[in-house]
Amino acid sequence: MARGVDGLLVGWLAVAVWLAVWLGSKVGVGTGGLNMSTVYWAGAVFTAAHFGLSYHLAYRGGAAAVRERPGALAYGPLALIGVLAATVGVSLAAGPETARMATRLLITSVYVMTTWHYVKQVYGVGRVGAAFAGVSLGKWHVRALRYGLYPMWFLGAAQVLLSNNAYYLAGYRVGFAVIPQSAYDALRVLVMLSAIPLLVCFASIAVRRHASVPSLMLAPYVAAFLWLALPTNPVLTLLLLAPFHALQYLAIGHRAELAIADDEAQIGVMWWLNIFAGAACGGLLLSRWAPALLDAQFTAHSGPRLFAAAFFVFLNLHHYLIDATIWRSKGHLVKAVVRGRVSPPVAVTAAQPARQPAPA
């Protein structure tokens with residue numbers, strides 16, 4: 001995949017869309033002309049594909065992969081399945097009200113972790129971009145890049161913990177009233193201030209390199225700040241943030257697939273399209289079609305969509321767990337992605353050796 005396309009997928013496309021939405025709001029052009037159903041399903045395909053690709057990369061080695069990471073690939077998902085199966089069983093036997101609170105807690109846990117997962121991926125993609133460009137990062141650069149977006153995680157988590165939130169998923173109320181509006185306003189100020197150390201970090205890298213910051217390193221941070229700290233349209237943010245996140249993952253996951261493929265001679269456009277199509281169809285099956293079918297067949301009451309909620313919780317929490325495990329800095333996937341593609345390092349700090357990237 002061309003480097004220019006990488007930069008577009010990991011951030012610049014999201015930046016361009018944000019600018020278009022912002023300019024449209026300034027000149028009075030809204031999103032009324034958009035077919036939101038088309039936007040939703042197009043985004044769902046990419047989101048499902050990134051779920052599928054994540055599972056493909058994690059379980060690619062079969063039993064050997066499970067033995068290498070039993071917590072993330074075996075014990076963790078089995079424990080989660082047990083909790084969800086018990087919740088579903090109680091709800092089906094006693095009615096939706098009995099298990100509503102447990103399901104609400106599980107859904108809320110997903111939303112509390114969502115922005116954390118997003119900013120961890122931004123950090124990981126940025127580190128891979130630095131490795132591709134041969135940029136050596138000092139300790140303070142690493143800390144700024146790693147923790148500089150955490151205030152956005154706190155802000156995202158706070159949205160479902162506000163005293164006046166009114167979020168629902170599959171008929172379940174999401175979140176709890178534990179944070180006052182004043183605390184949320186303070187978090188917004190903290191998010192704006194968090195841009196300062198990141199700007200200083202990128203400026204330092206550019207000065208030491210005597211060149212601009214690598215596009216693959218900068219793009220995900222710019223996109224994250226615009227969409228998370230300066231959202232212009234709440235509906236489009238909800239619809240587009242997940243597919244933009246998925247495009248980031250697919251760009252880096254594509255490189256990982258190429259690096260660990262068994263037969264390099266057979267790698268081509270059709271090979272990758274088969275991977276993408278299989279991942280997208282598998283992801284759609286597990287995230288949308290299967291839970292809809294189960295809700296229609298087994299949920300006799302008119303309450304919330306129980307299976308949709310259970311599948312949503314399992315896929316997201318397990319996805320967070322396996323991605324935090326397989327994309328470690330010293331793991332074989334990261335090494336495979338950057339192997340043979342890193343030019344001699346350009347030191348940012350004279351005493352600091354080059355470090356491996358550490359995706360989420």
Side-chain angles (χ1 to χ4, degrees), residues 1-23 42-43 46-47 49-50 53 117-137 141-142 144-146 148-149 152 195 198-199 201-230 240-259 269 272-273 275-276 323 327 333-334 336-346 348 354-360:
M1 186 178 295
R3 295 290 173 84
V5 176
D6 276 349
L8 190 68
L9 294 180
V10 303
W12 294 131
L13 177 61
V15 171
V17 173
W18 185 94
L19 288 172
V21 175
W22 179 80
L23 288 173
F46 287 105
T47 303
H50 111 283
L53 183 58
H117 178 67
Y118 182 89
V119 300
K120 288 284 285 182
Q121 179 171 294
V122 168
Y123 167 69
V125 173
R127 292 296 301 273
V128 168
F132 282 156
V135 177
S136 177
L137 301 173
H141 295 98
V142 172
L145 293 172
R146 184 170 189 173
L149 294 179
M152 296 185 191
L198 287 172
L199 288 173
C201 177
F202 286 127
S204 172
I205 292 171
V207 169
R208 295 302 182 95
R209 295 183 73 234
H210 302 289
S212 61
V213 178
S215 176
L216 192 59
M217 185 179 185
L218 182 62
Y221 279 86
V222 176
F225 189 83
L226 291 178
W227 281 97
L228 294 176
L230 301 171
L240 295 179
L241 197 59
F244 284 147
H245 167 81
L247 284 174
Q248 282 185 348
Y249 193 96
L250 291 170
I252 302 301
H254 166 73
R255 288 187 175 276
E257 286 282 1
L258 294 179
V269 174
W272 173 244
L273 286 177
I275 293 291
F276 177 85
D323 270 10
W327 289 106
L333 274 186
V334 172
V337 169
V338 300
R339 186 185 299 127
R341 295 176 172 84
V342 184
S343 56
V346 179
V348 175
R355 295 172 179 267
Q356 288 284 1

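Worth knowing before you read on, the calculation uses all heavy atoms, side chains too, and leaves out hydrogens, waters and symmetry mates. One is the number of the first residue; the rest follow in order along the sequence.
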Checklist line | side-chain contact (heavy atoms from CB on, under 4.5 Å) between Leu250 and Leu9, intermediate numbers included | finding: CA-CA 8 Å; Leu250 291 170; Leu9 294 180; over 6 Å; no
Next item on the list: May I ask you to test the Ile205-Leu137 pair for a side-chain heavy-atom distance under 4.5 Å?
Entry: yes
Margin query: Rounded to the nearest 0.5 Å, what separates atom CG in Leu333 from atom CD in Glu257?
Written below: 9.0 Å
Notebook entry, point to check: What is the distance from atom CE of Met217 to atom CG of Leu145, rounded to the nearest 0.5 Å?
Noted result: 4.5 Å
Note to self: Among residues at least two apart in sequence or on other chains, which ones pass side-chain contact (heavy atoms from CB on, under 4.5 Å) with Leu230?
What the structure shows: Trp18, Met192, Phe225, Leu226
Notebook entry, point to check: Looking at Ala144 and Cys201, what are the two nearest heavy atoms and their distance?
Noted result: CB-CB, 4.1 Å
Checklist line | Residue list, side-chain contact (heavy atoms from CB on, under 4.5 Å) with Leu240, at least two apart or on another chain | finding: Val17, Val39, Trp227, Leu236, Phe244
Notebook entry, point to check: Between Gly11 and Ala223, what is the shortest heavy-atom contact and its length?
Noted result: O-CB, 3.6 Å
Note to self: If you define the side chain from C-beta out and look only at heavy atoms, does anything of Val142 sit under 4.5 Å from Arg127?
What the structure shows: yes
Check: How are the rings of Phe202 and Tyr221 set relative to one another: parallel (under 30°), tilted (30 to 60°) or perpendicular (over 60°)?
Finding: perpendicular
Item checked: Test side-chain contact (heavy atoms from CB on, under 4.5 Å) applied to Ala219 - qualifying residues, sequence neighbours left out -> Val10, Trp12
Next item on the list: Kindly compute the distance separating OH (Tyr123) from CZ (Arg146), expressed to the nearest 0.5 Å.
Entry: 5.0 Å
Next item on the list: For residues Leu216 and Phe132, report the shortest heavy-atom separation together with the two atoms involved.
Entry: CD2-CD1, 3.2 Å
Next item on the list: Evaluate the ring planes of His50 and His117, with Trp represented by its six-membered ring, and classify them as parallel (under 30°), tilted (30 to 60°) or perpendicular (over 60°).
Entry: tilted
Item checked: NZ/NE/NH1/NH2 to OD/OE distance under 4.0 Å, Lys120 and Asp323 -> no
Margin query: Any non-hydrogen side-chain atom of Trp327 less than 4.5 Å from a side-chain atom of Tyr249?
Written below: yes
Notebook entry, point to check: Of the options Arg208, His141, Arg209, which is the one that meets Val135 in a side-chain contact (heavy atoms from CB on, under 4.5 Å)?
Noted result: Arg209
Checklist line | Check against side-chain contact (heavy atoms from CB on, under 4.5 Å), Val338 and Arg255 | finding: CA-CA 9 Å; Val338 300; Arg255 288 187 175 276; over 6 Å; no
Margin query: With heavy-atom distances below 4.5 Å as the criterion, would you say the side chains of Leu241 and Leu228 are in contact?
Written below: yes
Item checked: Interatomic spacing from CG in Leu247 to OG1 in Thr47 - rounded to 0.5 Å -> 8.5 Å
Item checked: Flag, side chain of Gln121 to backbone of Gln248, donor-acceptor distance under 3.5 Å -> no
